[in-house]
Undergrad: 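Provided herewith is a single structure, encoded as structure tokens, for subsequent inquiry.
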Amino acid sequence: MMDHHRTIAFAASIAGSDSSAGAGLQIDMKTMTACGVWGMTVVAALTAQNANYVRAIADVDPLFVQQQIRTLEEDFPIGCYKTGMLNNAATVRAVAEALPDGTPLVVDPVLIATREYRLTDESGAEALIGVLIPRAVVVTPNIPEAAMLSSIEITDAASMEEAAGWFFDCGAKAVVIKGGHADFRKATDVFLDRDGIMLLEGTVYPFADIHGSGCCFAAAIAAHIALGCPVREAVGKAKEFVNWAIRYAVEYAPGRFTMNPGWKEHETYFRKF
Ligand code: PXL
């Protein structure tokens, strides 16, 4: 019998469901698939949302979140985990407890949706700092999240780098603070690990906001780690992937753009003309 475990790399996202499939578990899966990895999904929260608003959130029983992780672990050699929306402290702690030691973890500390809807409550944010960020191989806050978690006001490149240092001191092996929300050095991400700072420059595209960009970035990092890339290389490749997924963003409702992890197919398609 063929050993199916040897045919493809596995990565698992532990995050919230976005019914519009522009962010959350759905975009994570699309991203992992596009990166050549078998994406798996541990449903940790549910959202009812469309292209314009988040209508409601429902919790998932933390014990059931653990059961999903443990059941996957019994059967698959998961190469990397990624966390996204974990809406409260009980869920964060349950995830930290169930995650296997030694498997790399990418933590995307999702706190607030692009559309200003609170996705993780205050106790959840504290728990992220206490039990999940310290075991991350890389943590990927955007500027508002980095400012909320670190209590450092981020107003320029220097304070952004200072906040990166705060995450490193929390115990994360590496941190990327995403520059998409910056009004200085825009779209330049600050990466920091024990070897120092690396700046990741991105293209600034004329979209007001892009739904799912943070999820897509963290999922692409997780996919590349599952494929065996060292963290710095995985982050660089993910940045490039995300740039293209924004370049080919889907306007899924008038004026509402979401990531397009399927940009490779679209690129081929456009080249025909
Ligand atoms: O982009 C952050 C995010 C993460 N997870 C879920 C979301 C969103 C944004 O809307 O809905 C489930």
Side-chain angles (χ1 to χ4, degrees), residues 11-32 39-60 62 64-65 68 81-88 91-92 95 105-121 124-125 127-128 132-133 136 138-149 176-181 187 189 202 205 207-223 238-239 241-242 245-246 249-253 255-261:
S13 170
I14 306 170
S17 165
D18 168 2
S19 48
S20 81
L25 288 170
Q26 288 81 359
I27 206 77
D28 288 352
M29 257 258 287
K30 294 185 206 190
T31 299
M32 289 170 178
M40 289 172 165
T41 50
V42 171
V43 185
L46 302 166
T47 69
Q49 62 178 302
N50 56 28
N52 286 293
Y53 48 85
V54 180
R55 167 74 76 205
I57 290 181
D59 293 347
V60 174
F64 189 70
V65 176
Q68 293 174 76
Y81 280 91
K82 177 239 157 177
T83 60
M85 174 191 179
L86 307 171
N87 51 340
N88 55 45
T91 303
V92 174
V95 168
L105 170 69
V106 178
V107 173
D108 184 22
V110 171
L111 299 181
I112 301 171
T114 319
R115 296 185 291 267
E116 308 275 294
Y117 200 97
R118 184 101 203 199
L119 296 176
T120 297
D121 67 20
L128 280 174
L132 222 48
I133 290 172
V138 56
V139 54
T140 62
N142 59 30
I143 286 176
E145 288 158 352
M148 280 174 84
L149 290 166
V176 197
I177 302 188
K178 297 168 287 194
H181 293 75
D189 304 336
Y205 294 107
F207 303 114
D209 64 59
I210 290 264
H211 187 48
S213 49
C215 303
C216 182
F217 181 55
I221 297 172
K239 177 78 173 171
F241 183 89
V242 162
I246 295 174
V250 176
E251 190 174 12
Y252 70 154
R256 293 294 182 180
F257 290 89
T258 195
M259 300 298 281
N260 181 5

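Indexing begins at 1, ligand by ligand and atom by atom, following the structure's order.
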Undergrad: Could you work out, for atom 10 (O) of ligand 1, the closest of Glu145, His211, Met259, Gln26 by heavy-atom distance?
TA: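 Among Glu145, His211, Met259, Gln26, the closest heavy atom to atom 10 (O) of ligand 1 comes from His211.
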
Undergrad: Does Arg55 CZ have over 12 foreign heavy atoms under 6.0 Å away?
TA: no

Undergrad: Give the atoms of ligand 1, by number and element, whose distance to some non-hydrogen atom of Val110 is under 4.0 Å.
TA: 2 (C), 4 (C)

Undergrad: Any heavy atom of Ala15 closer to ligand 1 than 4.0 angstrom?
TA: no

Undergrad: If you count the atoms of ligand 1 from 1 in the order shown, which ones are under 4.0 Å from a heavy atom of Met85?
TA: 5 (N), 12 (C)

Undergrad: Using a strict 4.0 Å cut-off to heavy atoms of Cys215, name the atoms of ligand 1 that fall inside it.
TA: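 Taking each heavy atom of Cys215 in turn, ligand 1 has 1 (O), 2 (C), 3 (C), 4 (C) under 4.0 Å.
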
Undergrad: Enter the distance from Leu132:CG to Thr83:OG1 here, rounded to the nearest 0.5 Å.
TA: 4.5 Å

Undergrad: Is it the side chain (CB and beyond), the backbone, both or neither of Ala45 that lies under 4.0 Å from ligand 1, heavy atoms counted?
TA: neither

Undergrad: Select the closest option to atom 6 (C) of ligand 1 among Gly24, Gly214, Gly212, judged by heavy-atom distance.
TA: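 Selected option, by shortest heavy-atom distance: Gly24.
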
Undergrad: To the nearest 0.5 Å, what is the distance between CG (Asp18) and CG (Asn50)?
TA: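 Between Asp18 CG and Asn50 CG, I get 9.5 Å after rounding to 0.5 Å.
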
Undergrad: Sequence neighbours excluded, which residues qualify as ring-ring contact (aromatic ring centres under 6.0 Å, His included) partners of Tyr81?
TA: none

Undergrad: I need the contact type for Leu119 against ligand 1. Using non-hydrogen atoms and a strict under-4.0 Å cut-off, is it side chain, backbone, both or neither?
TA: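 Side chain only.
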
Undergrad: Quick one: which ligand 1 atoms are inside 4.0 Å of a heavy atom on Gln49?
TA: 7 (C), 10 (O), 11 (O)

Undergrad: If the cut-off is 4.0 Å to any non-hydrogen atom of Gly16, which atoms of ligand 1 fall inside it?
TA: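 By the 4.0 Å cutoff, the relevant atoms are 12 (C).
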
Undergrad: Does any N or O in the side chain of Thr258 come within less than 3.5 Å of the main-chain N or O of His211, such that one atom is a donor and the other an acceptor?
TA: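 Side chain of Thr258 to backbone of His211, a donor-acceptor pair under 3.5 Å: yes, one is there.
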
Undergrad: Taking distance alone, no hydrogens or angles, what donor-acceptor pairs closer than 3.5 Å link side-chain atoms of residues 39-48 to residues at least two apart or in another chain?
TA:
| unit_1 | atom_1 | unit_2 | atom_2 | d |
| --- | --- | --- | --- | --- |
| Thr47 | OG1 | Ser17 | O | 2.6 |
| Thr47 | OG1 | Gln49 | NE2 | 2.9 |

Undergrad: Is there a donor in the side chain of Thr91 and an acceptor in the side chain of Asn88, or the other way round, less than 3.5 Å apart?
TA: yes

